[in-house]
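Only this structure's heavy atoms are used, side chains among them; waters, hydrogens and symmetry mates stay out. All chains are named by letter (A, B, ...) in the order of the sequence lines, taking the proteins before the strands, and each is independently numbered beginning at 1.
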Amino acid sequence: MVGDPMLRIAETLESQLRAAMERAFPDAAAAARQAGPGLDPQLAPASKPEFGDFQANGALPLAKPLGQPPRKIAEAVVEQLKADPAFNALCQDPQIAGPGFINLTLKPERLAAEVQVRLGDQRLGVPAVEQGAPVVVDFSSPNIAKEMHVGHLRSTIIGDSLARVLEFRGHPVLRLNHVGDWGTQFGMLITHLKQVAPEALNTADAVDLGDLVAFYRQAKQRFDEDETFQTTSREEVVKLQGGDPVSLKAWGLLCDQSRREFQKIYDRLDIRLSERGESFYNPYLERVVADLDAAGLLVVDDGARCVFLEGVSGKDGKPLPVIVQKSDGGFNYATTDLAAIRYRFGADPEGDAARRVIYVTDAGQANHFAGVFQVARRAGWVPEDGRLEHVPFGLVQGEDGKKLKTRAGDTVRLRDLLDEAVERAEADLRRRLEEEGRSEDEAFIQQVATTVGLAAVKYADLSQNRITNYQFSFDRMLALQGNTAPYLLYAVVRIAGIARKGGDLEAVASAGSEPLRFAEPQEWALVRELLKFDAVIAEVEEELLPNRLCTYLFELSQVFNRFYDQVSVLKAEEPARSSRLALCRLTADTLKLGLGLLGIPTLERM
RNA sequence: GGGGCUGUAGCUCAGCCGGAUAGAGCGACGGUUUCCUAAACCGUAGGUCGUGGGUUCGAGUCCCGCCAGCCCCGCCA
């Protein structure tokens, strides 16, 4: 078990700095400890490479209380630091800069040693947690009888990536597909089909998914316009939820059909997912309502059973309700979500015993989840140390800046999007082959086009901070230049090329090799970039922001491309050659692992 | 009316616990290939961080007001 070298260095430095500050200013330290956690060295990664590896800003806030200029304070701290042999073993002489920053640069041999450690480590310096309670990641969640469209892409890809990161860290992850297979929509659809296409309700594959989508649209329209249809649909839902065999059979057929279509998309995108739809929680709904009642949280209002939220008021200043049972007796999505929360945190045979539950849905549902989470907490269904998190992402907007709506008909189907991505990647590849006079067989072209096209789609989505809305654009999403998946894949390909031309990447990673020797600034830049990986993974695990990983991998690729451009590897003399090969090896491993955590496979040639 | 999110270069976006001269990509302009894949590299131009206050040694970042866009607000999910 290697631990997390860079993180450990940061912690070591922090405690050394704190000790130095306390020796320099014992009175201030005592006072700070009295008031709170004590003196804070404010250690942070250096904001610019020329400042070294770390900067400590802790001298500045002391200027006022101590009545001394901050640079003088920094000098006193530095003096104490230089008296610490452990510090001197780690760092070069600290520099004081600007108004009173203390800049720290790690000793080169220390950095080289860290690279060496990671070369021999499968996990590249990222520690594995002890196996603990499961983490539930609820993502993708398409609706039965609807086709997956671009809106589902974000949830699917972001959720998958978060699950991969959590799994890599060693958490047992439950990837749950909370498909919309229950509720009013089925009442609508079954009622409509009974009238216009009854065969679809008792014969498998009597209609295909495209037809089903059309029927759904018609049913939705009738539901919005026709009060009688609305009532019949609601009755149908109650029958279904009550276990009526005819309704159940029809429902089962519809689900099977959609499920097969979803699976095709998941297979293409290499998404692993356990289906556990809304219907799964049906047997628990009554108890949810009963227990809310027993807890004294339930209020009947206008015939509906509600829990009124604390701290959230609606139009008239009245608290906002979460409706858990409709006036017609039917349950709705809030009830299902409550049952799901309870089940996921619940103890083993009747639950998942999770400690962290993550929902990857669009930001439009933020209010809904805030309400449901509050009710679950007040009902006592979230354990003390349980984390219940909504991971919202921005809406996919049309060219008009408005939400892309299913009903509007201008939705881009996910399968069409993926097809287009692969086609564009293929056309681009064929053009390159032509220009470069290369000749490749058809299998190679298909393989590369598929990988590049799908990677471009995934990366386009993941590389953006998920919280902001984005305007859907084929050109932007499928761009193959700049900060895109192909740029990262290309860096891997370049390293594979070095290996093909005689660079032994296996040997440099074996134990007992010569110490690494670096001299060029491009080498040091790459070393420093490589050593950030573990901190990035820790951050993604905590913040659930895959774009941080994307940014890192892009920067690593940039630094590598500069290195590759300006420093030759294979033609270098020893020991530079082996040391550079080692950097190539670790870069490739880091990119492969990092891209893998984004759900993107790499290539040897492209 | 209430609530949430967003507003940073021509466009699309990063910007971590408040830290030094606000960064990328695209687009524009100019350059680099007898050498490991040029899907690359280097350079130039481009900014009142929506706006007005406040907090403090220091604010794109925190607090308040305002403006703009999007989303949500009782029996759809």
Does [N] pair with anything, Watson-Crick or G-U wobble, both distances under 3.5 Å, and if so, with which nucleotide?
N: C70(B); value: G4(B)
N: G65(B); value: U51(B)
N: A24(B); value: U12(B)
N: A40(B); value: U32(B)

For this session: Could you check whether F554(A) and the base of A24(B) form a stacked pair, meaning centres closer than 5.5 Å and planes differing by less than 30°?
Result: no

[X] has an atom [atom1]; how far is it from atom [atom2] of [N], in whole Å?
X: L526(A); N: C36(B); atom1: CG; atom2: P; value: 20 Å
X: N465(A); N: C70(B); atom1: CG; atom2: P; value: 20 Å
X: L320(A); N: G3(B); atom1: CG; atom2: P; value: 12 Å
X: I467(A); N: G69(B); atom1: CD1; atom2: C1'; value: 16 Å
X: Y487(A); N: C13(B); atom1: OH; atom2: P; value: 21 Å
X: N103(A); N: G19(B); atom1: CG; atom2: C1'; value: 11 Å
X: L480(A); N: A40(B); atom1: CG; atom2: P; value: 10 Å
X: H368(A); N: C73(B); atom1: NE2; atom2: C1'; value: 13 Å

Would you tell me if any nitrogen or oxygen in the side chain of [X] comes within less than 4.0 Å of OP1 or OP2 on [N]?
X: R432(A); N: A39(B); value: yes
X: Q481(A); N: A39(B); value: no
X: R494(A); N: A38(B); value: yes
X: K501(A); N: U37(B); value: yes
X: T184(A); N: A77(B); value: yes

Counting the atoms with a prime plus P, OP1 and OP2 as sugar-phosphate, which does [X] contact under 4.0 Å by heavy atoms, base, sugar-phosphate, or nothing?
X: P321(A); value: base
X: M606(A); value: base
X: S568(A); value: base
X: N561(A); value: sugar-phosphate

Less than 3.5 Å between a donor and an acceptor, one on the side chain of [X] and one on the base of [N], is that the case here?
X: Y490(A); N: A39(B); value: no
X: S47(A); N: A20(B); value: yes
X: D565(A); N: C41(B); value: no

Exercise. Quick one: on RNA chain B, does F51(A) or V448(A) contact a more 5' nucleotide (nearest heavy atom)?
Worked result: F51(A)

Problem set entry | 5′-ward residue of the pair V452(A)/Q55(A) relative to RNA chain B | Q55(A)

Just wondering, more than 12 heavy atoms not from [X] lying within 6.0 Å of its [atom1]?
X: Q566(A); atom1: CD; value: yes
X: E227(A); atom1: CD; value: no
X: E436(A); atom1: CD; value: yes

Would you indicate which nucleotide in [options] comes nearest to any side-chain atom of [X]?
X: D428(A); options: A20(B), A39(B), G4(B); answer: A39(B)
X: N143(A); options: C35(B), A20(B), A77(B); answer: A77(B)
X: R562(A); options: C70(B), C41(B), U37(B); answer: C41(B)

For this session: Give every residue pair that meets the salt bridge (Lys or Arg N to Asp or Glu O under 4.0 Å) criterion with at least one member in residues 449-466 of chain A, sequence neighbours excluded.
Result: R154(A)-D461(A)

Exercise. Just by distance, with hydrogens left out, do N547(A) and S463(A) show a side-chain donor and acceptor under 3.5 Å apart?
Worked result: no

Exercise. Would you say the side chains of R222(A) and H192(A) form a donor-acceptor pair under 3.5 Å?
Worked result: yes

All N/O pairs under 3.5 Å across the protein-nucleotides 56-61 of chain B interface:
residue : atom : partner : partner atom : Å
C57(B)  : OP2  : K64(A)  : NZ           : 2.7

Exercise. Does any N or O in the side chain of S233(A) come within less than 3.5 Å of the main-chain N or O of F229(A), such that one atom is a donor and the other an acceptor?
Worked result: yes

For this session: Check for a donor-acceptor pair, side chain of Q55(A) on one end and backbone N or O of L104(A) on the other, with a separation under 3.5 Å.
Result: no

Problem set entry | Y359(A) and F373(A) aromatic ring geometry - parallel, tilted or perpendicular at 30°/60° bounds | tilted

For this session: Syn or anti for C17(B), please, going by whether the chi angle lies within 90° of 0.
Result: syn

